[in-house]
Amino acid sequence: MPEGGHTSLVERIARVLCGAQHSANADGSEASASSHIDQHWPTHRNQALAVLKAIRETDASGASVGDPLIWTRMVEASIADAEDDRG
């Protein structure tokens with residue numbers, strides 16, 4: 001069983017949101033946005049936390065293949081960690 005990532009979920013989501021805004025591979029115009037993302041992902045942290053809060057309850061497809069309570073507990077643990085880091 002995998003042990004999990006070494007980067008928090010909130011950071012990974014914030015990096016994706018930042019990349020989507022700046023990278024030419026998404027909606028942005030920068031051909032290489034990695035250094036920008038490394039520097040500016042924290043500005044997307046609140047949006048990332050909002051995404052986590054939105055997905056703390058799985059949908060019917062997810063519930064059909066796993067335990068929805070475990071999913072909720074896992075996401076809520078990531079939210080708690082992110083909120084602890086914030087203040």
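In this text, all values refer to a predicted model and were calculated from it rather than measured experimentally.
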(message) Looking at every non-hydrogen atom in both residues, tell me the closest pair between Ser64 and Ser61 and how far apart they are.
(response) OG-O, 2.7 Å
(request) For Arg45 and Val10, work out which heavy atoms get closest and say how close. (result) O-CG2, 3.8 Å
(message) For the CD1 atom of Ile37 and the CG atom of Leu17, what is their distance to the nearest 0.5 Å?
(response) 10.5 Å
(request) Please write out which residues are connected to Val65 in a hydrophobic cluster, directly or through intermediates, given that two of Ile, Leu, Val, Met, Phe, Trp, Tyr count as joined at side-chain heavy-atom separations below 4.5 angstrom. (result) none
(request) Only pairs at least two apart or in different chains count here, so list each salt bridge (Lys or Arg N to Asp or Glu O under 4.0 Å) that has a residue in residues 6-24. (result) Glu11-Arg15, Arg15-Asp38
(request) Report the residues that fulfil side chain to side chain donor-acceptor pair (under 3.5 Å) with Glu76, sequence neighbours left out, ordered by chain and then residue number. (result) none
(message) Minimum heavy-atom separation for His36 and Cys18, please, with both atom names.
(response) CD2-SG, 4.0 Å
(message) Is there a path of hydrophobic side-chain contacts, each under 4.5 Å between heavy atoms, that joins Val75 and Val16?
(response) no
(message) Tell me every residue that passes side-chain contact (heavy atoms from CB on, under 4.5 Å) with Pro42, counting only those two or more places apart in sequence or in another chain.
(response) none
(request) Would you give the length of the straight line joining atom NE2 of His40 to atom OG of Ser35, rounded to the nearest 0.5 angstrom? (result) 8.5 Å
(message) Closer than 3.5 angstrom, by distance alone: can the side chain of Thr72 be matched with the main-chain N or O of Glu57 as a donor-acceptor pair?
(response) no
(request) List in chain and number order the residues that pass side-chain contact (heavy atoms from CB on, under 4.5 Å) with Asp67, two or more places apart in sequence or in another chain; answer none if no residue qualifies. (result) Leu69, Ile70
Name each donor-acceptor pair under 3.5 Å that joins a side chain in residues 48-55 to protein atoms two or more places apart or in another chain, with its distance.
from: Lys53; atom 1: NZ; to: Glu83; atom 2: OE2; distance (Å): 2.9

